[in-house]
Each structure stands twice: as structure tokens, then as C-alpha cells.
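What follows is a short report on a single structure.
Every chain is numbered from 1, with letters handed out A, B, ... down the list of sequences.
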2 protein chains.
Amino acid sequence: MTLYIQAIAIIYKIMNDGRPYSYVLERLKTARLRPTRQRLALAKLLLETDDRHVTAEQLHCEASSAGIKVSLATVYNTLHQFTKADLLREVVVESGRAYFDTNTSEHHHIFNQDTGELCDIPDETISVLVLPDAPEGTKIDRVEIIVRVKSLR
Amino acid sequence: MTLYIQAIAIIYKIMNDGRPYSYVLERLKTARLRPTRQRLALAKLLLETDDRHVTAEQLHCEASSAGIKVSLATVYNTLHQFTKADLLREVVVESGRAYFDTNTSEHHHIFNQDTGELCDIPDETISVLVLPDAPEGTKIDRVEIIVRVKSLR
DNA sequence: TGTTTAGTTTAGAACGATTCTAATTTATTG
DNA sequence: CAATAAATTAGAATCGTTCTAAACTAAACA
Ligand SMILES: [Mn+2]
Ligand SMILES: [Mn+2]
Ligand SMILES: [Zn+2]
Ligand SMILES: [Zn+2]
């Protein structure tokens with residue numbers, strides 16, 4: 001499923017050399033989000049890979065360096081709108097800083113506590129053996145595994 | 001191991017009816033932390049159960065209601081000192097709020113995203129099947145599973 | 001096409017959790 | 001009992017994030 005989305009992204013990129021926005025345009029349309037200059041630019045940075053884990057601050061810097069004029073407030077708005085529309089998901093690994101994940105499929109993470117680097121674990125290499133029952137009056141929404149690593153030395 | 005610590009705590013409580021501080025005193029001593037009035041009081045709230053998950057704010061309120069005069073800064077200092085000394089551990093489930101866990105043994109959590117309630121999963125009812133290799137130059141520090149639940153309706 | 005409307009962006013203020021500062025108090029050592 | 005080192009504290013500062021309300025822009029409509 002993830003591979004499928006990535007493949008589509010690549011095909012679009014190849015097909016639309018001269019109209020590089022049509023892929024993200026399509027995805028914004030589907031999500032019923034107006035394709036404003038800012039959203040298009042951020043979508044282009046975010047939606048053409050499914051292997052990115054960014055903070056708002058990082059994305060804002062990246063946009064700025066790429067010459068995109070966008071406020072930090074809009075970056076936050078956009079990240080939340082994209083998350084709501086299932087174009088992104090949020091990953092909690094540090095208190096006090098939110099990461100947004102361009103991979104919306106079910107998967108787990110390795111987090112380097114020294115560098116702050118967050119990356120995906122290939123599905124095949126991890127899984128949960130037994131699951132507890134959800135407490136009375138609740139239902140399981142999602143199960144998250146975080147492998148916390150430290151840099152050697 | 002956890003049961004052992006809990007058993008010791010209970011035994012101390014039974015043995016020391018008239019001198020209710022000796023258990024936590026002992027633990028502070030072992031951790032080389034001076035038994036100040038504030039630390040003793042907080043230790044008493046925290047170290048006599050291994051099944052509590054509190055935020056700094058919560059603990060500060062609880063202390064205040066119990067008539068313990070302690071500043072929020074000291075609550076933060078103490079929580080971090082206890083964590084460093086392995087009397088507590090930190091659990092990250094929400095960005096923007098840190099939880100401290102009186103159970104320092106390896107275990108996993110159920111987090112109710114609607115109520116903010118955090119509780120332990122009994123060891124037997126969950127486990128990780130396969131583990132990925134740590135990336136080059138890193139080593140695994142800990143593996144965390146968080147079962148996120150929602151309240152029904 | 002304009003014109004209207006609703007949605008979007010933005011600067012800057014506000015916020016909540018946490019950390020820091022530097023002065024005061026307290027515990028320990030000799 | 002000093003003298004010393006460590007701990008506490010109020011309040012300021014910081015940091016990530018959210019809010020506000022005014023200006024702007026895309027879409028719908030005349
Ligand atoms: Mn959020
Ligand atoms: Mn911390
Ligand atoms: Zn991911
Ligand atoms: Zn726990």
C-alpha cells in the first residue's frame with residue numbers, strides 16, 4: 001500500500017516533468033484542501049516521499065531555504081490539516097516536540113535519542129506477539145512500537 | 001523484580017508503622033540524595049507504589065493538597081533526579097507533557113487518548129516478536145510499546 | 001468578467017510546560 | 001558550633017505550539 005503510493009508519486013514525477021504540481025494538486029483536491037501557493041509548496045516537500053519525519057520547525061526552515069515564503073503558523077496549520085486528511089500522521093517520541101510522518105501506513109519506528117533522528121522499521125522486521133484486551137469501555141486505536149537507540153561511544 | 005520491590009515496600013510499611021519514613025529514607029540514601037523535607041515527602045508519594053504514572057503538575061497538586069509545601073521547580077528537580085537514579089522512569093505518550101513512572105522495570109503501556117490515563121500492561125500479555133538490528137553505530141537502549149485506546153462512544 | 005463569500009495566511013500575542021537564575025535556606029562535615 | 005556544599009525557591013526566561021483578528025486570496029455566483 002505504501003509502496004503503491006510511492007510508485008504513484010514516482011510515476012507522476014516522471015510523467016509530469018513540465019507540470020510538476022499535478023500530483024500534489026490531485027492529492028490536495030482529494031483532501032478538499034484549496035491548492036494555495038503555501039499548501040502546494042509544502043505538499044510538494046512532504047507528499048512526494050513516504051519516508052520523511054519532520055518537525056514543524058524543520059519544515060519551516062526547509063521551505064524558507066527553498067525560497068518559499070510561508071509563516072510558521074501556516075506550517076503548523078498545514079501539518080495539522082494534512083494529518084486530519086490522512087496525508088500525514090503524528091509520531092510522539094519526545095515530550096515537547098511533535099514529529100510528522102509522511103508514511104501513513106501502519107509501521108513502527110527507530111528513534112535515535114542522541115541525534116533526534118527518527119526512521120521507519122520495515123514491517124517484516126518487527127511485530128507484536130500478544131495483545132492485551134482493551135480496558136472496559138475502550139477500544140484499541142493503534143499499537144506503536146518505538147525502538148530507542150543510542151549512538152555508540 | 002518489580003514484584004520484589006513492591007513486596008519490600010509493603011514489608012517496610014508493615015514493619016515501620018511508627019517510623020513511616022525509613023523505607024524511602026533508605027532508598028534516598030542508596031541513591032545518594034540528601035533526605036530533605038521535600039524529597040522525603042515526594043519520595044513517600046512516589047516510591048511506595050510501583051504503579052503510578054504522574055505528571056509534574058499532578059504531583060505538585062497532590063503534594064499541596066497533602067499539606068506539603070514544595071515548589072514546582074523542586075518537583076521538576078526531584079522527578080529528574082529520581083529518574084537519573086533509576087527510582088523512576090519517563091514515559092513519552094503525548095508531546096507537550098511528560099509522565100513519570102514509578103515502575104522502573106521493563107514493561108509497556110496502555111494510554112487512553114481521551115482521558116490521558118496511562119497504565120501498565122502486565123508482562124505476560126504483550127511482547128515483541130522480532131527486533132530489527134540497530135542501525136550502524138547505534139545500540140538499542142529500550143523497546144517501548146504503547147497501546148493507544150479511545151473511550152467508546 | 002466583476003462581486004460576493006468563504007476559506008487562508010499572517011504577525012504577533014498568548015499559552016502551557018519546562019528550565020534557568022541567583023538569592024536564600026538547609027544538610028552535612030569537621 | 002562553624003564552614004562548606006547542596007537544595008530550595010520565586011520569578012524570569014525559554015521553547016514549542018496555539019490563538020487572534022486583520023489582510024489576503026481562491027472559489028462561487030451574478
Ligand atoms: Mn496536535
Ligand atoms: Mn527531561
Ligand atoms: Zn514513519
Ligand atoms: Zn508504567
Check: Under a 4.0 Å N-O cut-off, is there an ion pair linking B:E62 with B:R52?
Finding: yes

Item checked: Non-hydrogen side-chain atoms of B:L79 and B:L88 separated by less than 4.5 Å -> yes

Next item on the list: Would you please say whether a donor-acceptor pair under 3.5 Å links the side chains of B:H107 and B:D101?
Entry: yes

Item checked: Interatomic distance where NE2 belongs to A:H60 and C1' belongs to C:dT10 [whole Å] -> 11 Å

Note to self: Just the rounded figure in Å: distance from P of D:dA7 to CG of B:L40.
What the structure shows: 13 Å

Notebook entry, point to check: Can you find a side chain N or O atom of A:H80 that sits less than 4.0 Å from OP1 or OP2 on D:dT17?
Noted result: no

Item checked: Check ion pair A:D141-B:K150 (N to O, under 4.0 angstrom) -> yes

Check: Using a cut-off of less than 4.0 Å, is there contact between a side-chain N or O of B:R39 and OP1 or OP2 of D:dA7?
Finding: yes

Note to self: Closest approach to the side chain of B:A98, judged atom by atom: which nucleotide of C:dT18, D:dT17, D:dA10 is it?
What the structure shows: C:dT18

Note to self: Is it true that B:D120 and B:N103 share a donor-acceptor pair across their side chains at a distance under 3.5 Å?
What the structure shows: yes

Check: Over how many whole Å does the gap from A:L59 atom CG to D:dT17 atom P extend?
Finding: 12 Å

Next item on the list: For B:K69 and for B:S95, locate the closest nucleotide of DNA chain D by heavy-atom distance; then report the residue assigned to the nucleotide nearer the 5' terminus.
Entry: B:K69

Next item on the list: Measure the angle between the two terminal helix axes of the helix from C:dT1-D:dA30 to C:dG30-D:dC1, five base pairs each, and quote it to 10°.
Entry: 20°

Check: With a 4.0 Å cut-off, would you call A:E48 and A:R27 a salt bridge?
Finding: no

Checklist line | B:T74 vs D:dT9: side-chain N/O to OP1/OP2 distance below 4.0 Å | finding: yes

Check: Quick one: are A:F100 and A:L46 in side-chain contact, heavy atoms under 4.5 Å?
Finding: no

Next item on the list: To the nearest Å, give me how far apart CD (B:E57) and P (C:dT18) are.
Entry: 8 Å

Check: Between A:L33 (CG) and D:dA27 (C1'), how many Å, whole number?
Finding: 14 Å

Notebook entry, point to check: Distance only, no hydrogens: is a donor on one side chain within 3.5 Å (strictly under) of an acceptor on the other, for B:D123 and B:H108?
Noted result: no

Next item on the list: For residues A:F82 and A:L28, determine if any side-chain heavy atom of one lies less than 4.5 Å from a side-chain heavy atom of the other.
Entry: yes

Check: Could you run down nucleotides 20-30 of chain C 5' to 3' and tag each one B, S or - for protein heavy-atom contact under 4.0 Å?
Finding: B------BS--

Checklist line | Whole-Å distance separating the CZ atom of B:R32 from the P atom of D:dA5 | finding: 19 Å

Margin query: What is the separation between atom CD on A:Q38 and atom P on D:dT25, rounded to the nearest whole Å?
Written below: 9 Å

Notebook entry, point to check: Between A:T49 and A:D51, is any side-chain donor less than 3.5 angstrom from a side-chain acceptor?
Noted result: no

Notebook entry, point to check: Taking atom P of C:dG16 as reference, at what distance in whole Å does atom CD of B:Q58 sit?
Noted result: 16 Å

Checklist line | Phosphate-side-chain proximity, B:Y76 and C:dT18, N/O vs OP1/OP2 below 4.0 Å | finding: yes

Margin query: Heavy-atom nearest nucleotide on DNA chain C for B:T55 versus A:L72: which residue maps closer to 5'?
Written below: A:L72

